[in-house]
Each structure stands twice: as C-alpha cells, then as structure tokens.
2 protein chains.
Amino acid sequence: MTIPKQSLRRKEITTVAAKLFKKHSFDRTTVRMIAKDAGIKSGSLFHHYKDKEEILYAVIEQGLSGALDTLKKTIKETNSAEENLKAAILRQLKTLHGKDKDAHIVSIIEWSSLDEASRQQLIVIRDEYEAHWQYIIDAAISEGLLQGQPRLQRLFVLGSLNWTIHWYKPKHGVQIEDTADEFYRFITKSG
Amino acid sequence: MTIPKQSLRRKEITTVAAKLFKKHSFDRTTVRMIAKDAGIKSGSLFHHYKDKEEILYAVIEQGLSGALDTLKKTIKETNSAEENLKAAILRQLKTLHGKDKDAHIVSIIEWSSLDEASRQQLIVIRDEYEAHWQYIIDAAISEGLLQGQPRLQRLFVLGSLNWTIHWYKPKHGVQIEDTADEFYRFITKSG
DNA sequence: TTGATTACCTAGCGCTTGCTTGGTTAAAAT
DNA sequence: ATTTTAACCAAGCAAGCGCTAGGTAATCAA
C-alpha cells in the first residue's frame with residue numbers, strides 16, 4: 001500500500017521532483033529521472049506515490065502552501081498599506097527567485113498538467129493566496145496608492161511579478177531589492 | 001523528400017496544430033491527433049514536416065511573424081507617443097485573445113519546448129518584436145508618460161499583458177477595449 | 001520471538017509514441 | 001504519351017514510458 005502521506009522521505013523526493021519539473025517540465029521528466037536523483041530505483045517511487053501525477057500534486061501543494069505561509073507572515077509584520085504592498089512585492093519576488101523557488105514556479109507553470117480532481121482540491125489554497133493579495137491591493141486603493149477596479153489591479157500587479165520567471169536572472173551586483181523598488185514605483189507614482 | 005517549406009496545405013496543418021498545442025500543450029498533443037484534425041493519416045504528416053518539432057517550429061514562426069507584422073502596422077498608423085502606447089496595448093491584447101491567438105500564445109508558452117538550434121533561429125524575430133516594443137516604451141518615457149529604467153519598464157508592461165493569457169476570458173458585455181483602457185491608466189496616471 | 005510495517009530492489013509487461021518504408025493516385029510538366 | 005512531382009495511405013517497428021508483481025532486509029511493537 002501507499003498510505004504514508006507525510007513522511008520525511010516523501011518530502012525529500014518531492015523537493016527533488018520539483019527541481020526536475022522546473023528544469024525539464026512535468027511531461028519531460030520521467031519517473032526514472034526522479035528516482036535517479038533521489039537515489040532509488042524507479043519502481044520504488046510508487047511506494048511513496050500512487051502515480052506520477054501524485055508527485056506533481058505534492059510539488060504544487062508544497063509550492064502553494066509555502067508561498068501562502070510567507071505571504072501571511074508578511075502581512076502580519078507590516079502596519080501601513082504602503083509597507084504592506086512594498087513588502088508583499090519583495091516577498092513575491094523572493095518566493096519566485098529565492099532558494100525555495102522550484103516548487104512555487106512549478107505550481108504556476110504546471111497547473112494545467114493536473115487533472116480536474118487535483119485542481120479542485122488545490123484551488124482552495126490558491127484562492128486563499130489570491131484573497132490575501134486582494135486584501136493588500138484593496139488597502140492600497142483605499143489609501144490612494146492605486147486606482148481602478150480592484151480585481152484588475154491585482155491581476156495586473158501579480159501578472160507582472162509572476163512573469164519575471166520568464167526573464168529574471170539573479171546577478172551579483174543587481175539585487176532583487178532594486179527590482180522590487182522599481183516595480184513599486186512603476187505601479188504607484190501618484191504622490 | 002520533405003522540402004516544400006511554403007505550401008498552402010502546410011499552412012493549414014500548422015494552424016490546426018496551433019489550436020491543439022494551445023489546448024493540450026505540445027507534449028500532450030500526439031501526431032495522431034494533429035493528423036486526425038487535418039483529415040489525413042499520421043504518417044502523412046512527415047511528408048510536410050521532417051519531425052514533430054518542426055511542426056512546433058512552424059507554429060511559433062507563424063505566431064511571432066503575425067504579431068510582429070501587426071505591431072509594425074500599429075506603430076506606423078499612430079503619431080504621438082501616447083497614441084502609440086495606447087494602440088500597442090490594445091493590439092497586444094487583441095493578438096493574445098483575438099481569432100488568431102493560438103499560434104502566438106503557443107509561441108509564448110512552448111518556447112522552452114524548442115531545441116536550442118530552433119530557438120537560435122527564431123530569436124531573431126523575437127528580438128525584433130521586443131525592439132519595437134522598446135521603441136514605444138522609450139518614447140513614452142521621453143514624453144513623461146512612464147518613468148524609470150527603460151528595459152524594466154518594458155518587461156513589466158509586457159509581462160502584465162502577456163500574463164492575461166492565464167486569466168482573461170472574453171465575455172459578452174465586457175470588451176477588451178475596457179481592459180486595455182484600464183491597463184493604460186494602470187501604468188501611466190502621472191498627469 | 002513473532003508478526004507487522006516501512007522502504008526499498010529486480011525484472012519486466014503492456015501500451016503509446018514518433019517515425020519509417022514501400023506503395024498508390026491524380027495532377028502537372030515535358 | 002510519358003515522366004515527374006505532390007500528396008497521401010497502409011502497416012508496422014523500435015524505443016521509451018508509466019507502472020506492477022513479487023520478493024528482501026531492517027526496524028519496531030506485541
């Protein structure tokens with residue numbers, strides 16, 4: 001049987017899989033590749049997961065949960081709407097480009113590789129994540145930092161940030177903080 | 001032999017493939033699916049293309065070239081930097097969500113499915129496309145419509161627009177023009 | 001001491017995949 | 001009238017894929 005949903009070993013393998021899914025995509029990553037990097041034989045994977053798709057599910061859950069936790073903390077740690085927005089932008093960029101990036105990037109890119117049932121389960125976390133962002137955006141609009149339709153503002157802001165996965169390359173010299181600052185000025189610049 | 005690079009039939013099949021690649025992704029679209037929708041047997045596909053990857057190449061080339069032509073026309077038709085920017089935003093959204101969207105969306109999403117050699121060839125069109133956008137952004141900065149580092153401004157703007165492929169659903173009632181207007185206000189709003 | 005549980009391995013099955021080979025037919029060119 | 005070319009089909013091969021079955025060794029509770 002498979003059953004053990006929260007073992008340490010499973011988490012390790014999930015992290016290995018996240019790295020591969022991000023590098024090669026889900027479809028082009030074979031179970032043999034995952035097994036090799038995890039140091040086991042391919043058949044042994046199915047002791048931990050019932051099928052390959054469950055590995056993707058585990059990766060995406062890890063990515064979404066991690067990002068949600070970070071976002072929650074960020075909101076708690078700040079006081080004004082401006083601080084909130086600034087901090088959330090920086091956190092989002094760090095989530096996408098910091099050391100735990102793999103799982104979260106996979107959760108964005110491979111969402112459509114999940115089957116409908118898995119998506120229905122994970123959408124709960126995703127919705128909560130978006131709701132927290134919406135809260136930040138709404139507050140920013142109330143303070144006059146942003147103007148316009150709340151939902152569209154959130155989609156524009158998050159879209160720009162998420163799109164950085166397609167072009168941002170960390171370099172020594174250019175810090176992610178600089179990009180975050182420039183982006184904050186990009187979306188506000190009213191005062 | 002394969003040789004006929006610009007036949008009418010090839011264009012038809014490429015369009016069929018674009019639709020499937022957008023709906024199911026490149027990897028999950030089989031040559032048998034493409035053949036069926038094109039009304040031929042799967043083996044016959046290889047009379048028109050040397051392998052499956054060449055079909056993707058054809059789709060992406062179609063998508064990029066189409067978008068580039070449209071962008072060039074848009075720049076010619078307008079006069080001021082403001083008109084230029086407004087028009088380019090609307091055209092970009094129409095390219096992504098209008099009737100010829102498939103090939104262009106595939107050119108964005110499946111870029112990483114190409115092998116290195118194909119990418120090297122197509123990067124020329126892509127660079128020209130980005131250069132035209134940079135021209136529009138630079139002009140907008142000169143006029144004071146935007147502020148900041150030119151390259152980052154372009155990436156932020158295009159990122160937001162391209163990200164709409166993940167959420168925009170055309171509805172009767174809400175027009176794409178409204179979204180374009182709201183986006184223009186989102187990125188400018190200095191005056 | 002025994003029995004269950006966890007974590008693996010060995011070996012390979014069955015299926016789908018991209019692609020090939022050798023032919024056919026109809027139209028166009030000579 | 002004959003040859004060439006373009007566009008297809010029929011049949012199937014080889015490779016790679018996800019996944020399974022049956023077994024072993026170590027750990028741990030009863």
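Naming: A, B, ... by sequence-line order, numbering from 1 per chain. What you see is a predicted model, and the numbers here were worked out from it, not measured in a lab.
- Inter-residue side-chain proximity for B/Glu128 and B/Lys72 is flagged as met; some heavy-atom pair is nearer than 4.5 Å.
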Readout for nucleotides 20-25 of chain D: B = base within 4.0 Å of protein heavy atom, S = sugar-phosphate only, - = neither; 5' to 3' it is B-----
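- Rounded to an integer number of Å, the gap from A/Glu12 CD to C/dA7 P is 11 Å.
- Following rounding to the nearest Å, A/Lys36 (NZ) and D/dC17 (P) show an atom-to-atom distance of 12 Å.
- Looking at A/Ser44, its side chain never comes within 3.5 Å of a backbone N or O of A/Ile40 through a donor-acceptor pair.
- The nearest whole Å value for the distance from the CZ atom in A/Arg10 to the P atom in C/dC8 is 13 Å.
- In this entry the distance linking CD of A/Glu54 with P of D/dC19 reads 10 Å, nearest Å.
- Across all strands, A/Arg32 comes closer than 4.0 Å to base atoms (heavy-atom distances).
- Look at CZ on A/Arg28: it is 15 Å from P on C/dT17, rounded to the nearest Å.
- Counting only N and O atoms by type, the side chains of B/Asn162 and B/Gln92 include a donor and acceptor under 3.5 Å apart.
- The CD1-P distance, from B/Ile40 to C/dA26, rounds to 18 Å in whole Å.
- Summarising the geometry, the separation between NE2 on B/His48 and C1' on D/dC9 is reported as 12 Å, rounded to the nearest angstrom.
- Under the ring-ring contact (aromatic ring centres under 6.0 Å, His included) rule, B/Phe156 has a single partner from A/Phe186, A/Tyr184, A/Phe156, A/Tyr168, which is A/Phe186.
- There is a side-chain donor-acceptor pair under 3.5 Å between B/Thr164 and B/His97.
- Within the 4.0 angstrom heavy-atom criterion, base atoms lie near A/Lys41.
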(message) Let's go through A/Gln121 and A/Glu61 carefully: what are the C-alpha distance in whole Å and the side-chain angles of both, what is the deciding distance for side chain to side chain donor-acceptor pair (under 3.5 Å) to 0.1 Å, and is it a yes or a no?
(response) CA-CA 10 Å; A/Gln121 286 191 259; A/Glu61 188 180 32; over 6 Å; no
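- Both B/Ile108 and B/Val124 belong to a single network of hydrophobic side chains, linked directly or stepwise wherever heavy atoms of I, L, V, M, F, W or Y lie under 4.5 Å apart.
- Comparing C/dG18, C/dC9, D/dG18 by their closest approach to the side chain of B/Thr30 singles out C/dG18.
- Note: CD1 (B/Ile34) to P (C/dG18) measures 8 Å, nearest angstrom.
- Note on A/His47: every side-chain N or O is 4.0 Å or more away from OP1 and OP2 of C/dC8.
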